[in-house]
Amino acid sequence: MSAITGTKSSKPAAGSSSELAERLLIWYRNYRRVLPWRGTNDPYAVWVSEIMLQQTRVETVIPYYRRWMEQFPTLQHLAQAEEQQVLKAWEGLGYYSRARSLHRAARLVVEKYQGQIPASTKELMRLPGVGRYTAAAVASIAFGQDEPALDGNLRRVAARLFNVSLPARSPEGEAQILAHLRAHLPPGQAGNFNQALMDLGAMICTPRKPACGDCPLAEWCQSRRLGVQEERPVLTRRAAPPLITVTAAVIWRDGKVLLTRRPANGLLGGLWEFPGGKQEDGETLVECLRREIREELGVEIEIGEPLGVYRHAYTHFKVTLHAFISRLRHGEPQPHQADDMAWAALEELSRFPMGKIDRQIAADLLKISRSLFPAG
DNA sequence: AAGACGTGGTT
DNA sequence: TAACCAAGTCT
């Protein structure tokens with residue numbers, strides 16, 4: 001068969017590792033990336049790294065991972081931490097439900113599993129924030145279980161290697177890819193196999209212009225043989241994100257500013273922000289802000305100088321935020337539509353976990369205050 | 001099942 | 001620039 005097609009057989013003998021897998025593991029021994037979470041099998045460390053790495057670049061994760069393991073070196077440390085502390089450590093990483101879930105899961109493992117992280121994918125998947133990929137990664141890397149992981153890298157590499165023409169993110173495409181991976185999984189080496197494919201995807205089999213000339217698996221690659229490697233994986237397009245306009249108020253009183261805490265679930269859940277909200281049709285910015293503050297806090301405000309205009313792109317929409325310096329006119333604010341509320345001095349702002357835009361507003365306030373009062 | 005859910009880098 | 005994407009999960 002290989003003589004006819006020009007590629008090697010993709011079918012390994014049952015129960016043994018394929019030639020492809022052996023070649024991949026040799027490449028991995030020689031070229032694997034040195035990363036802070038490698039070189040340990042500590043299930044907690046592996047777990048933390050896998051959660052942080054979800055939809056997030058390795059270079060972004062590294063400093064967060066180091067700080068995290070310093071601050072929460074064990075499962076017990078994490079379980080005992082306050083949620084605000086956990087969110088603060090996560091600030092800037094995005095997808096904040098990951099931090100909240102990890103924290104909840106740590107408490108659950110301490111209370112219900114005697115502090116022992118489960119080893120099977122089935123049990124791992126019961127933990128909040130642990131899905132199919134993470135369960136397979138932890139089970140294979142930390143516990144040596146024969147589980148194929150399927151992430152963005154593996155999806156792309158496998159779609160090319162086995163020339164999968166179904167949409168790679170569809171249930172059918174993923175099932176096909178997983179079947180191929182499972183067929184090549186070297187028994188007892190799944191952790192290395194999974195990580196090798198991730199490294200290959202990151203360094204060789206990249207999204208654009210894959211370096212096929214340097215690929216240890218080139219002779220097995222079916223899409224390369226057909227010259228369609230750049231058309232794999234088959235992707236589906238997404239709709240353009242809507243644009244929304246929002247306002248926010250920096251409400252001053254006695255040298256402090258008012259912060260509210262976002263509801264636990266949803267966008268930026270549990271993070272603090274300067275109160276405000278989305279502009280509705282036919283509404284001016286000032287009308288919008290007055291209404292939002294009335295609804296959220298039950299008070300009337302006097303809107304002063306604009307502080308700045310902030311633009312930010314989230315995954316599924318883009319926002320332009322107009323921030324205004326404001327003061328209270330009537331009433332004492334209550335967190336009607338927020339989980340909590342706090343008056344914070346400028347020096348305290350850094351303690352509150354915030355998303356990107358609100359952190360930028362806070363930074364601008366500090367900057368302005370320092371220029372007005374250089375002595376402090 | 002399709003859309004919500006952050007941020008930063010690249011093209 | 002706008003679009004795409006990077007070690008996914010949840011509803």
Side-chain angles (χ1 to χ4, degrees), chain A residues 32-33 35-38 45-65 87 90-102 104-105 121 124-142 147-158 167-174 191 193-203 205-209 233 235-244 262-271 273 310-319 353-360:
Chain A
R32 60 187 251 146
R33 291 175 291 179
L35 301 169
W37 47 88
R38 289 196 170 155
V46 173
W47 181 17
V48 169
S49 71
E50 291 301 341
I51 299 294
M52 285 189 171
L53 286 160
Q54 289 170 9
Q55 300 287 284
T56 311
R57 293 180 137 75
V58 165
E59 313 80 62
T60 303
V61 166
I62 289 173
Y64 281 90
Y65 176 82
L87 283 172
W90 203 272
E91 183 181 307
L93 256 189
Y95 287 133
Y96 297 93
S97 71
R98 292 184 294 173
R100 298 166 56 86
S101 294
L102 181 55
R104 266 198 300 148
T121 55
L124 283 163
M125 282 182 67
R126 295 211 184 109
L127 302 174
V130 178
R132 186 181 61 177
Y133 163 76
T134 304
V138 173
S140 66
I141 297 169
E147 297 285 350
L150 182 53
D151 72 340
N153 284 127
L154 278 281
R155 186 185 293 114
R156 179 177 63 257
V157 172
R169 302 201 70 125
S170 66
E172 299 77 15
E174 293 203 330
F193 179 79
N194 289 332
Q195 293 181 89
L197 254 10
M198 292 180 211
D199 278 15
L200 193 70
M203 299 190 286
C205 197
T206 50
R208 286 170 296 278
K209 300 192 192 307
L235 303 172
T236 47
R237 280 181 62 103
R238 274 194 198 168
L243 311 173
I244 67 164
R262 296 179 61 89
N265 298 310
L267 187 73
L268 305 172
L271 300 191
E273 67 178 3
Y310 303 83
R311 291 171 212 287
H312 189 67
Y314 293 91
T315 310
H316 53 295
F317 63 91
K318 292 180 177 185
V319 60
M354 294 178 183
K356 186 69 191 309
I357 290 191
D358 290 278
R359 180 56 64 206
Q360 182 62 54

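Going from atom CG of Leu102(A) over to atom P of dG8(C) covers 16 Å, rounded to whole Å. Separating the CD atom of Glu174(A) from the P atom of dG8(C) is a distance of 11 Å, rounded to the nearest angstrom. Computed from coordinates, the Leu53(A) CG to dG9(B) P distance equals 16 Å when rounded to whole Å. Across the protein-nucleic acid pair, Glu50(A) atom CD and dA6(C) atom P stand 16 Å apart, rounded to whole Å. Atoms CG (Leu124(A)) and P (dC10(C)) sit 12 Å apart, rounded to a whole Å.
The two atoms that bring Gly269(A) and Leu87(A) nearest to each other are O-CD1, 4.3 Å, heavy atoms only. Minimum heavy-atom separation, Leu268(A) to Gly355(A): CD2-CA, 4.3 Å. Taking all atoms of both residues into account, the shortest heavy-atom contact from Ala139(A) to Thr121(A) is CB-CG2, 3.8 Å.
In this structure, Tyr96(A) contributes its side chain and Leu267(A) its backbone to no donor-acceptor pair below 3.5 Å. Arg156(A) places a side-chain N or O within 3.5 Å of a backbone atom of Gly201(A) that can act as its donor or acceptor partner. Of the possible polar contacts, none joining the Thr206(A) side chain to the Met203(A) backbone as a donor-acceptor pair under 3.5 Å is found.
Across all strands shown, Trp90(A) has no heavy atoms under 4.0 Å from either base or sugar-phosphate atoms. Arg169(A) comes within 4.0 angstrom of a nucleotide base, judged by non-hydrogen atoms across all strands. Across all strands, Val58(A) comes closer than 4.0 Å to base atoms (heavy-atom distances). At the heavy-atom level, Arg262(A) lies nowhere under 4.0 Å from the strands shown.
Under 4.0 angstrom from either OP1 or OP2 of dT9(C) there lies at least one side-chain N or O belonging to Thr134(A). Dashed line: the shortest gap from a side-chain N or O of Arg156(A) to OP1 or OP2 of dA6(C) is under 4.0 Å.
Using modelled atom types and a 3.5 Å distance limit, the side chains of Arg98(A) and Thr56(A) yield a donor-acceptor pair.
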Protein-nucleotides 5-8 of chain B N/O pairs under 3.5 Å:
| residue | atom | partner | partner atom | Å |
| --- | --- | --- | --- | --- |
| dC5(B) | OP1 | Leu267(A) | N | 3.3 |
| dC5(B) | OP2 | His316(A) | NE2 | 2.8 |
| dG6(B) | OP1 | Tyr96(A) | N | 2.8 |
| dG6(B) | OP2 | Leu268(A) | N | 2.4 |
| dG6(B) | O4' | Tyr95(A) | N | 2.9 |
| dG6(B) | N7 | Tyr95(A) | OH | 3.3 |
| dG6(B) | N7 | Thr315(A) | OG1 | 2.3 |
| dG6(B) | O6 | Tyr95(A) | OH | 3.0 |
| dG6(B) | N1 | Gln55(A) | O | 3.1 |
| dG6(B) | N2 | Gln55(A) | O | 3.4 |
| dG6(B) | N2 | Thr56(A) | OG1 | 3.1 |
| dG6(B) | N2 | Leu93(A) | O | 3.2 |
| dT7(B) | OP1 | Tyr96(A) | OH | 2.9 |
| dT7(B) | OP1 | Lys356(A) | N | 3.0 |
| dT7(B) | OP2 | His312(A) | NE2 | 3.1 |
| dG8(B) | OP2 | Lys356(A) | NZ | 2.8 |
| dG8(B) | N2 | Arg57(A) | NH1 | 2.5 |

Atom pairs, protein N/O to nucleotides 1-3 of chain C N/O, distance under 3.5 Å:
none

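Between dA6(C) and dA1(B), the two P atoms lie 24 Å apart (nearest whole Å). Separation of the P atoms belonging to dG6(B) and dT11(C) is 14 Å when rounded to the nearest angstrom.
Rounding to the nearest 0.5 angstrom, the gap separating the CH2 atom in Trp90(A) from the CG atom in Leu102(A) is 6.0 Å.
Among pairs with a residue in residues 52-64 of chain A, none fulfils salt bridge (charged side-chain N to carboxylate O under 4.0 Å, His left out), at least two apart in sequence or across chains.
Checking Arg33(A) against Met125(A), the closest nucleotide of DNA chain C that is more toward the 5' end is the one next to Arg33(A).
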